[in-house]
Amino acid sequence: MITIDLKGNSKQFEAGVSPAEVAKSIGMGLYKAACAARINGQVVDLRTPITEDCALEILTFDDPEGKKAYWHTTSHILAQAVQRLYPGAKFAIGPAIDNGFYYDFDLPAPLSSEDLPRIEEEMKKVVKENIELTRFELDSSQAMEKMAGQEYKQELIEEHSGNGEKISFYEQNDFCDLCAGPHLMSTGGVKAIKLTSVTGAYWRGDSSKKMLTRVYGISFPKASQLEDYLNMLEEAKKRDHRKLGKELGLFMLREEGPGFPFFLPKGMVLKNTLLDFWREVHKRYGYVEISTPIMLNRQLWERSGHWDHYKDNMYTTVIDDTDFAVKPMNCPGGMLVYASEPHSYKELPLRMGEIGLVHRHELSGTLHGLFRVRCFNQDDAHIFMTQEQMLDVIQETVRLFDEFYSIFSLSYTIELSTMPEDHIGTVEEWEKNQEILKQAITGMGKEFIINEGDGAFYGPKLDFHLADSLGRTWQCGTIQLDSQLPERFQLEYTGEDGQKHRPVMIHRVVLGSIERFIGVITEHLAGKFPLWLSPVQAVVLPISERHHAYANALTAKLEEAGLRVECDLRAEKIGYKIREAQVQQTPYMLVVGDKEIESAGISVRHRKEGDLGSMSAEEFIEKAKAEIQSRELK
């Protein structure tokens, strides 16, 4: 007999029992909802035999890993449907992703969106057949034979053939796929399916290789969940920052510079106002601001480790027979600033912030509006501190994050990313720093999830995933704890004992990419920026030409008070002007006509609250300034 701990409730079972059988022993509801399991922290298939005492957690669709198994199984159902409809299909990869799944196919002719309903119907047949998924393993030679005629699968097998490990497969009747799993017990576990799009994708993301057909989809245990998701997608289309960015005159993207956004005048007002707020908060938290060069020589990047670990994402050039790289991040320059003069323990923690322009070589197929670009401003900061200060500084940084995100009503979840295979430093150092990050978060009463092996090459990190008004998540803030680069750059401070010591360093961003954060809040707020952030805070709307002089005088008065104001003098009807201002998401519309001139007032409309009645210019200025000061979301 073995003892299984089920979240604090221990039960005994025969050795070899599977998580599926354990779930069934608890209740049929849990058994039917189960998607995968976690044994001693490791996510496994529901079929996995349990042979020794352990902690077991049954994962459902409500768990991230459960969703992943659910969507991964649906990708296999998609592949089986394609195999039935297109017998000559060659199969590449079909993973679960953040929102659903995709599968890449090599087909005699590309698919179009018109083909998706037919494939969906075939997928529903596969689901109805309730085919059991079975897992088995083969050695590499057997695996190559099993995947005869499937060159993409054989290429993957060849990559794993040198380690001597068996190759894992999942089979469902006439379809078999090279796969590590985990998966649902049968195809019947998938209920509501929708294929959302079809596009091209290069094999392995390499533009020199063949273009494949990629089909994206989503699935849910309930039809109502799918309906909610599709409604969210429709709303997301209306909020698409690329669409709103064009309509609101914020930024543009051009073929002459793919991945290099152009900010327009209104977009620059928005961007600079956001950065003014950044500077205001950071000054209050004791940061000093620096600026480091956009290009530095190869020797520096080799010293930092970026040349070995990040070179494929860097733009390089040669100057005076020396290799240089355009910076993909600001940290090496920040360390040169620290090292430029001696430091005492009395100065620490030393907080240095930089809004630095960085460039990263992203594949053309991954570029997406402001969300994925090749150059962006990163609101970086580097904090140098003693070992004893680590816990307090991390918690202080989280409080700063809270202040920023609450301004935009953005909630977040925290992910702790641990040591990757490609890392520098000892395992002991990594484990120590990971434990400090855990203590800091739990000490604040916050929770986190583990993202195994996804730390930066120099240290573990906390990633902050923001949830927007549609429930989508965006990774923006990060806190990276680093004992390695201070060592590489021989950074020092004089301690209280008069001896030289090595500081510990935090790399952190709040907004991440300024450009990406603007894209996030544009969609989160549907372009309805709060008054303090709006490029145009009010527009003056004269009813006819005879009201122009009063409108111009009012505009000048509001501008003198520090408000960002436009005056619409076009020969258009007032209803049209109001609708135009609404489309531009202008917070306040100030209508002036005979009545307003007579009373020396203005008629105020708000984009959300509608008609606010008449008031004097002084009353409106006072109201607007109070709203700006509070940074209220309206």
Nearest heavy atoms of His548 and Leu569, plus distance in Å: CE1-O, 3.4 Å

Closest heavy-atom pair and its distance - Trp301, Pro332: CZ3-CG, 3.3 Å

Minimum heavy-atom distance between Cys567 and Asn552, given as atom pair plus value: SG-OD1, 3.8 Å

Neighbour count >12 (heavy atoms, 6.0 Å) for atom CG, Asp206: yes

Test item: Ser534 side-chain N/O and Phe529 main-chain N/O as donor-acceptor pair under 3.5 Å: yes

Exam field: side chain Lys153 to backbone Ala92, donor-acceptor pair closer than 3.5 Å: yes

Closest heavy-atom pair and its distance - Val373, Pro261: CG1-CD, 4.0 Å

ring-ring contact (aromatic ring centres under 6.0 Å, His included) partners of residues 458-482, not counting sequence neighbours, each pair once: Phe371-Trp474, Phe401-Phe464, Tyr412-Phe464, Tyr458-His507

More than 12 heavy atoms from other groups under 6.0 Å of NZ on Lys243: yes

Plane angle bin for His359 and Phe260 - parallel if under 30°, tilted between 30 and 60°, otherwise perpendicular: tilted

Aromatic ring pairing His306/Tyr310, orientation class (parallel under 30°, perpendicular over 60°, tilted between): perpendicular

side-chain hydrogen bond (donor to acceptor under 3.5 Å, both in side chains) contacts touching residues 322-332 (sequence neighbours left out): Thr292-Lys327, Arg298-Asp323, Lys327-Asn330, Lys327-Glu354, Asn330-Asp380

Qualifying residues under side chain to side chain contact (heavy atoms under 4.5 Å, CB included), relative to Arg631, sequence neighbours excluded: Phe277, Glu280, Ile407, Trp532

Check against ring-ring contact (aromatic ring centres under 6.0 Å, His included), His309 and Phe457: CA-CA 8 Å; His309 295 268; Phe457 69 85; 4.5 Å; yes

Side-chain donor/acceptor of Lys577 to backbone N/O of Pro542, under 3.5 Å: yes

Donor-acceptor contact below 3.5 Å, side chain Glu452 vs main chain Asp454: no

Chi angles and distances behind the ring-ring contact (aromatic ring centres under 6.0 Å, His included) call for Phe262, Phe251: CA-CA 5 Å; Phe262 292 69; Phe251 67 92; over 10 Å; no

Residues, nucleotides or ligands: over 12 heavy atoms within 6.0 Å of Lys608 NZ: no

Test log, rule side-chain contact (heavy atoms from CB on, under 4.5 Å), inputs Leu563 and Phe620: CA-CA 11 Å; Leu563 300 179; Phe620 175 73; 4.0 Å; yes

Side chain Glu523, main chain His241, donor-acceptor under 3.5 Å: yes

Flag if over 12 foreign heavy atoms under 6.0 Å of CD, Gln299: no

Worked verdict on Tyr405 versus Leu466 for side-chain contact (heavy atoms from CB on, under 4.5 Å): CA-CA 8 Å; Tyr405 301 149; Leu466 308 185; 3.6 Å; yes

Chi angles and distances behind the side-chain contact (heavy atoms from CB on, under 4.5 Å) call for Phe263, Leu250: CA-CA 6 Å; Phe263 270 78; Leu250 302 178; 5.8 Å; no

Heavy-atom pair of closest approach, residues Leu212 and Asp106: CD2-CB, 3.8 Å

Check: Arg239/Ser469 side-chain N/O donor and acceptor closer than 3.5 Å: yes

Criterion ring-ring contact (aromatic ring centres under 6.0 Å, His included) on Tyr152 and Phe91, from CA distance to verdict: CA-CA 7 Å; Tyr152 301 104; Phe91 300 93; 9.8 Å; no

Other residues, nucleotides, ligands: >12 heavy atoms within 6.0 Å of Lys68 NZ: no

Salt bridge (Lys or Arg N to Asp or Glu O under 4.0 Å) partners of Glu234, counting only residues at least two apart: Lys237

Under 3.5 Å donor-acceptor, Asp482 side chain and Gly459 backbone: no

Side-chain donor or acceptor of Thr418 paired with backbone N/O of Gly453 under 3.5 Å: yes

CZ/Arg254: more than 12 non-hydrogen atoms of other groups inside 6.0 Å: no

Under 3.5 Å, sequence neighbours excluded: what are the donor-acceptor pairs made by side chains of residues 581-591?
| from | atom 1 | to | atom 2 | distance (Å) |
| --- | --- | --- | --- | --- |
| Gln584 | NE2 | Glu247 | O | 2.9 |
| Thr586 | OG1 | Ala581 | O | 3.4 |
| Tyr588 | OH | Glu627 | OE1 | 2.6 |

Side-chain (His282) to main-chain (Arg279) donor-acceptor, under 3.5 angstrom: no

Lys634, NZ: over 12 other non-hydrogen atoms inside 6.0 angstrom: yes

Heavy-atom pair with the smallest gap, counting every atom of Val510 and Asp379: N-OD2, 3.1 Å

Donor-acceptor under 3.5 Å (Thr555 side chain, Ala551 main chain): yes

Evaluation steps, salt bridge (Lys or Arg N to Asp or Glu O under 4.0 Å), between Glu515 and Lys271: CA-CA 8 Å; Glu515 288 74 6; Lys271 186 176 182 180; 3.0 Å; yes

Neighbour count above 12 (heavy atom, 6.0 Å) for Glu609 CD: yes

Sequence-distant partners of Tyr216, ring-ring contact (aromatic ring centres under 6.0 Å, His included), two or more places apart: Tyr102

Main-chain N/O of Ile93 paired with Tyr103 side-chain donor or acceptor, under 3.5 Å: no

